[in-house]
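Encoded as structure tokens, the structure appears first; notes follow it.
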Amino acid sequence: MPIEQILAQFHFLRPWWLLGLLPVVVITWLLWRNSRATNGWHSVIAPHLAELLITSKARRQRNSLRWSLPVALLALVFASAGPTFERIPQPVYQLDAGQVLVLDMSMSMRATDVTPDRLTQMRYKAMQLAAEHLDGDTGLIAYAGDAFVISPLTADAGSLGNLIRALSPEIMPEQGSDPLSALQLADRLLREAGYPQGDIYWFTDGIDTRDQQELTTFVRNHPHRLAILAVGTEQGRRYNCRMANYCAPPAVMW
């Protein structure tokens, strides 16, 4: 790499530390002035004779004291300023956005109409969405018979992957399917984090006909944008019928 490019990349990570050069200059000047002042033999020997009579060893000790401290302070200031030749990319802006992932953990997610099953597909899609496509603060909610906050809103959406990977219907305290409580909880999370208008990403394999009216009312009465990401096929409805007392229809997109 040409020397011009190397010099062009040189910069300080903490340039405000360079203000420490001012006291270094002052200390250097004080040491230089004190070294010139008469002390010891200089107080009894004429100045024009002192330079001839003072031994070279004493002169070297005096010069060493005059320059060693300023050089050490100068090196400390430059090291603290963080000199580097590598520039770290800086984001042009930070998106001020809030969103919540809502994951359906009802037993119907164990259906195998998609490979290997709905739960695995949903977890993969949710982790991919959180890690690669979401900016800003992201929260995580799981629900079955009731809704639970798995993670409050965090700026590190990629860290949600381990939490999503650990979710399964078997760990839910209450079986069933109550999506409305999950959406209401997502609304509370967003508002408490300072996002009166946010995004809710709802992963589910179906919506009960009995819940559609309440869910429609929720969508109309709240300013959040709701995206429903459906997992499953029509053939998988038989699994829903076997695990619950109703046949859940395919998810509806709002």
Side-chain angles (χ1 to χ4, degrees), residues 95-111 118-119 121-130 133-155 157 160 163-164 167-169 171-234 236-237 239-241 243-254:
L95 184 62
D96 185 18
Q99 52 262 326
V100 177
L101 302 182
V102 176
L103 273 59
D104 185 351
M105 285 294 149
S106 58
M107 289 303 299
S108 61
M109 298 305 297
R110 286 297 186 185
R118 295 180 181 180
L119 178 63
Q121 286 280 356
M122 180 186 66
R123 288 190 298 203
Y124 172 75
K125 294 297 183 181
M127 289 188 293
Q128 185 181 38
L129 177 67
H133 302 289
L134 297 185
D135 293 322
D137 296 332
T138 306
L140 176 62
I141 291 175
Y143 76 93
D146 198 0
F148 303 91
V149 176
I150 306 302
S151 172
L153 269 69
T154 174
L160 299 178
L163 298 175
I164 296 173
L167 292 175
S168 68
I171 68 172
M172 301 304 293
E174 183 178 349
Q175 296 300 323
S177 181
D178 187 5
L180 181 61
S181 64
L183 298 182
Q184 292 172 338
L185 186 55
D187 170 63
R188 193 181 77 186
L189 277 183
L190 289 168
R191 292 183 181 275
E192 290 178 351
Y195 299 103
Q197 294 183 349
D199 295 325
I200 300 176
Y201 297 92
W202 178 14
F203 291 81
T204 184
D205 61 349
I207 299 173
D208 184 5
T209 306
R210 297 172 298 180
D211 296 329
Q212 288 186 6
Q213 183 59 46
E214 292 180 334
L215 295 173
T216 302
T217 302
F218 174 88
V219 173
R220 291 175 177 173
N221 294 340
H222 294 80
H224 310 302
R225 293 185 299 180
L226 177 62
I228 304 179
L229 307 177
V231 180
T233 64
E234 183 67 21
R237 294 182 61 195
Y239 190 89
N240 286 349
C241 297
M243 299 304 298
N245 294 324
Y246 64 91
C247 291
V252 180
M253 299 301 293
W254 268 288

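In plain terms, the two heavy atoms of L189 and S151 that are nearest each other are CD1-O, 4.4 Å. When all heavy atoms are compared, the tightest approach of S181 to D146 is OG-OD1, 4.0 Å. The two residues V149 and I141 come nearest to each other via the heavy atoms CA-CG1, 4.4 Å. Across all their heavy atoms, A126 and L101 have their closest contact at O-CD1, 4.1 Å. The shortest non-hydrogen separation linking P169 to S106 is CG-O, 3.6 Å.
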Original post:
Taking it one step at a time, do Y201 and L129 satisfy side chain to side chain contact (heavy atoms under 4.5 Å, CB included)?
Top reply: CA-CA 9 Å; Y201 297 92; L129 177 67; 3.9 Å; yes
**OP:** Starting from the C-alpha separation in whole Å, work towards a yes-or-no answer on side chain to side chain contact (heavy atoms under 4.5 Å, CB included) for M172 and F148.
**Re:** CA-CA 9 Å; M172 301 304 293; F148 303 91; 3.6 Å; yes
**OP:** Kindly determine whether T138 and L153 satisfy side chain to side chain contact (heavy atoms under 4.5 Å, CB included), including the steps that lead there.
**Re:** CA-CA 5 Å; T138 306; L153 269 69; 6.0 Å; no
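Side-chain contact of D137 with Y195: a donor-acceptor pair under 3.5 Å is present, judged by distance alone.
With hydrogens and angles ignored, the 3.5 Å screen pairs no side-chain donor or acceptor of H224 with any backbone N or O of D199. Put simply, the side chain of D187 never gets that close to the backbone of L183: no donor and acceptor are under 3.5 Å apart. Although no hydrogens or angles enter the test, the distance criterion places no donor-acceptor pair under 3.5 Å between the side chain of R225 and the main chain of I200.
For H222, the ring-ring contact (aromatic ring centres under 6.0 Å, His included) criterion is met by F218, not counting sequence neighbours.
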